[in-house]
J.: 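Just passing along the structure, written as structure tokens.
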Amino acid sequence: QVQLVESGGGLVQAGGSLRLSCVVSGRTFSRYAMGWFRQAPGKEREFVAGISWSRNSTYCADSVKGRFTISRDNAKNTVYLQMNSLKPEDTAVYYCNAPPGPYYTCNSPPGYWGQGTQVTVSS
């Protein structure tokens with residue numbers, strides 16, 4: 001059974017930073033891609049970023065490019081999302097996702113989900 005546990009969310013002021021973490025168990029982590037999604041109230045879930053098994057990254061939301069960085073530490077079975085220069089519109093529940101293969105594109109279907117971590121950015 002694949003399990004994903006997110007952490008690192010919280011309440012921050014605009015312009016601040018957060019680093020989200022997602023610890024994965026139940027699979028050979030280093031051979032699979034990972035991704036981050038987010039969902040704001042009343043909006044569809046949005047694919048933010050993905051990272052392949054070889055650490056090639058893809059940023060799928062134009063609004064986060066240049067501010068967010070996805071990375072992974074295979075020794076810790078953990079994927080990260082570093083979020084800088086946060087804006088109120090970044091407020092959402094952020095979900096870690098584990099697709100079935102080693103690659104992740106902006107149109108790839110989702111796989112296993114974590115429970116999400118709340119990020120709230122105040123004005």
J.: Could you grab the distance from atom OG of S52 to atom CZ of R31, nearest 0.5 Å is fine?
T.: 10.0 Å

J.: To the nearest 0.5 Å, tell me how far R55 CZ sits from M34 CE.
T.: 13.5 Å

J.: What are the two closest non-hydrogen atoms of A40 and A92, and how far apart are they?
T.: N-CB, 3.8 Å

J.: Do C96 and W36 have side chains that approach each other closer than 4.5 Å (heavy atoms only, starting at C-beta)?
T.: yes

J.: Among R45, E44, E46, which residue satisfies the side-chain hydrogen bond (donor to acceptor under 3.5 Å, both in side chains) criterion with Q39?
T.: R45

J.: Counting C-beta onward and ignoring hydrogens, is there a side-chain heavy-atom pair between Y94 and E6 closer than 4.5 Å?
T.: no

J.: May I have all residue pairs that pass disulfide bond (SG atoms under 2.5 Å apart) and include part of residues 45-75, sequence neighbours excluded?
T.: C60-C106

J.: When rounded to the nearest 0.5 angstrom, what is the spacing between CD in E89 and NZ in K43?
T.: 8.0 Å

J.: Dump the intermediate steps for side-chain contact (heavy atoms from CB on, under 4.5 Å) on R38 and V119, then the final yes or no.
T.: CA-CA 9 Å; R38 67 183 181 183; V119 172; over 6 Å; no

J.: Among side-chain atoms of T105 and N107, is any donor-acceptor pair under 3.5 angstrom?
T.: no

J.: At their closest point, which heavy atom of V79 faces which heavy atom of F29, and how far apart are they?
T.: N-CZ, 4.1 Å

J.: Carefully, step by step, assess Y103 and W53 under the rule side-chain contact (heavy atoms from CB on, under 4.5 Å).
T.: CA-CA 7 Å; Y103 306 108; W53 69 273; 3.6 Å; yes

J.: Taking ring-ring contact (aromatic ring centres under 6.0 Å, His included) as the cut-off, I'd like each qualifying pair that reaches into residues 54-81, sequence neighbours left out, listed once.
T.: none

J.: Give a yes or no on whether W113 and I51 share a hydrophobic cluster (residues Ile, Leu, Val, Met, Phe, Trp, Tyr; joining criterion: side-chain heavy atoms under 4.5 Å apart).
T.: no

J.: Indicate the atoms forming the closest heavy-atom contact of P99 with A33, along with that distance.
T.: CD-O, 3.1 Å

J.: What about V64 and V93, same hydrophobic cluster or not, with Ile/Leu/Val/Met/Phe/Trp/Tyr joined at side-chain heavy-atom distances under 4.5 Å?
T.: no

J.: Evaluate the side-chain proximity of Q118 to T91: yes if any heavy-atom separation is below 4.5 Å, no if none is.
T.: yes

J.: Applying side chain to side chain donor-acceptor pair (under 3.5 Å) as the test, list every pair that has at least one member in residues 64-77; sequence neighbours left out.
T.: D62-K65, R67-D90, R72-N74

J.: Around atom CD of Q82, are there more than 12 heavy atoms from other residues, nucleotides or ligands closer than 6.0 Å?
T.: yes

J.: Residues in ring-ring contact (aromatic ring centres under 6.0 Å, His included) with F47, at least two apart?
T.: F37, Y104

J.: Could you pull out all donor-acceptor pairs under 3.5 Å where a side-chain atom in residues 10-26 meets a protein atom, sequence neighbours excluded?
T.:
unit_1, atom_1, unit_2, atom_2, d
S17, OG, N84, OD1, 2.9

J.: Connecting only ILVMFWY residues whose side-chain heavy atoms lie within less than 4.5 Å of each other, what is the rest of V5's hydrophobic cluster?
T.: none

